[in-house]
2 protein chains.
Amino acid sequence: MDAERQIKLEARARILKAVGNASRLLILEELAQGEKCVADLTKAVGSDISTVSKHLSLLKSVGLVNDDKRGNQVFYTLLAPCVLNFFDCVESVLEARVQHQIEMIG
Amino acid sequence: MDAERQIKLEARARILKAVGNASRLLILEELAQGEKCVADLTKAVGSDISTVSKHLSLLKSVGLVNDDKRGNQVFYTLLAPCVLNFFDCVESVLEARVQHQIEMIG
DNA sequence: TGCCTATTTGGCCAATATTGCAAATAGGAG
DNA sequence: CTCCTATTTGCAATATTGGCCAAATAGGCA
């Protein structure tokens, strides 16, 4: 594998890795409904607010979300709604796996 | 967050996490061209064959690939070509980030 | 059987990721 | 300025990951 391909793959992997976490998936789902402040997202996720803040910081660093400071709150928005399309594919993979398991049993 | 949602999110995250790794992305790209045996994939990735085998095992465990043992070789195939659609979205995120950086400088 | 090739598994280590707590920062209101 | 609320940052503990090596497993062939 040449160095250029390696770099490109790692850049892509960073973005996909950001999506591959249950808390961050939940955050993305919440943001799909519209902008939310950190406190609201924290309620939804159920972790410490500092943890959620770090998840948001990671999502922002890879370009998936954007933040907007208004007053003493920070509102996050989904910058790449196309990630929502991932979910359909993921569901189809899950469904196919269930079908496969049923076939193995039967 | 209720327990059921948590479980669903984690199932999804496992699949997306499997895609969020440079070596596994490369494997998926290779498999997009058609089935490949472990040795061929190992050449493409450049890691130890045992490492590649583990990557394949992970990809299989989440249902993204399938294996087919023929003779003393194992051929892997891409089970969920829809993951290839992720790449377009990822590229758009990368491109948008570059644009954003250019705006920050200018 | 024994030998060769292909792949997987187990053990281990280094690097990275996730989390919470506590402290720091920032903004608004009195 | 002080106080209060919202968020981020620093730190430490723990968990997970990715890698290689060595050993085990499996299949084909003599």
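In what follows, chains carry the letters A, B, and so on, assigned in the order in which the sequence lines appear, proteins first and then strands, with residues in each chain numbered from 1.
Spacing between atom CZ of A:F75 and atom P of D:dT8 amounts to 12 Å, rounded to whole angstrom units. Counting to the nearest Å, the P atom of C:dT8 and the NZ atom of B:K69 are 7 Å from each other. In this structure, CG of B:D67 is placed 15 Å from C1' of D:dT25, rounded to the nearest angstrom. Residue B:R14 contributes atom CZ, which lies 12 Å from atom P of D:dT16 at whole-angstrom precision. As rounded to whole Å, 14 Å separates atom C1' of D:dT9 from atom CG of A:L56. One interatomic measurement links the two molecules: CG of A:L16 to P of D:dT17, which rounds to 16 Å at whole-angstrom precision. If you take CG of B:L41 and P of C:dA6, they are 14 Å apart, rounded to a whole angstrom. In this structure, the CD atom of A:Q73 is 13 Å from the P atom of D:dT5, given to the nearest Å.
Every pair passing salt bridge (charged side-chain N to carboxylate O under 4.0 Å, His left out) that includes a residue from residues 63-88 of chain B is listed here, sequence neighbours excluded: B:E35-B:R70, B:K60-B:D67, B:D68-B:R70. The ring-ring contact (aromatic ring centres under 6.0 Å, His included) contacts involving residues 61-92 of chain A comprise A:F86-B:F86, where partners must be two or more places apart or lie in separate chains. Counting only residues at least two apart or on different chains, the side-chain hydrogen bond (donor to acceptor under 3.5 Å, both in side chains) pairs with a member in residues 7-24 of chain B are A:E29-B:R12, A:E91-B:R12, B:Q6-B:E10, B:R24-B:H55.
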Review item, nucleotides 28-30 of chain D N/O atoms under 3.5 Å of protein N/O:
none

Tabulate protein N/O versus nucleotide N/O from nucleotides 14-24 of chain C, keeping only pairs under 3.5 Å, one per line.
| residue | atom | partner | partner atom | Å |
| --- | --- | --- | --- | --- |
| C:dT18 | OP1 | A:N21 | ND2 | 3.3 |
| C:dT18 | OP1 | A:R24 | NH2 | 3.2 |
| C:dT18 | OP2 | A:R24 | NH1 | 3.3 |
| C:dT19 | OP2 | A:H55 | NE2 | 2.4 |
| C:dG20 | OP2 | A:D48 | N | 3.0 |
| C:dG20 | OP2 | A:T51 | OG1 | 2.8 |
| C:dG20 | O6 | A:K54 | NZ | 2.3 |
| C:dC21 | N4 | A:S50 | OG | 2.8 |

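In this structure, CG on B:D40 lies 10.5 Å from CG on B:L31, to the nearest 0.5 angstrom.
Annotation: side chain of B:I49 is not in contact with side chain of B:L41 (no heavy-atom distance under 4.5 Å). With contacts defined as side-chain heavy-atom distances shorter than 4.5 Å, the pair B:C37/B:V74 does not qualify. Side-chain contact between A:I27 and A:V65: absent, with no pair of heavy atoms (C-beta onward) separated by less than 4.5 Å.
When distances run from any side-chain atom of A:S53 to the nucleotides C:dT9, D:dA26, D:dT8, the shortest one goes to D:dT8.
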Name every donor-acceptor pair, under 3.5 Å, that has one atom in a side chain of residues 96-106 of chain A and the other anywhere in the protein, sequence neighbours excluded.
| residue | atom | partner | partner atom | Å |
| --- | --- | --- | --- | --- |
| A:R97 | NH1 | B:S61 | O | 3.1 |
| A:R97 | NH1 | B:V62 | O | 3.3 |

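Around the CD atom of A:Q33, the shell of radius 6.0 Å holds more than 12 heavy atoms that belong to other residues, nucleotides or ligands.
Between A:Y76 and D:dT8 there is a side-chain polar atom (N or O) within less than 4.0 angstrom of OP1 or OP2.
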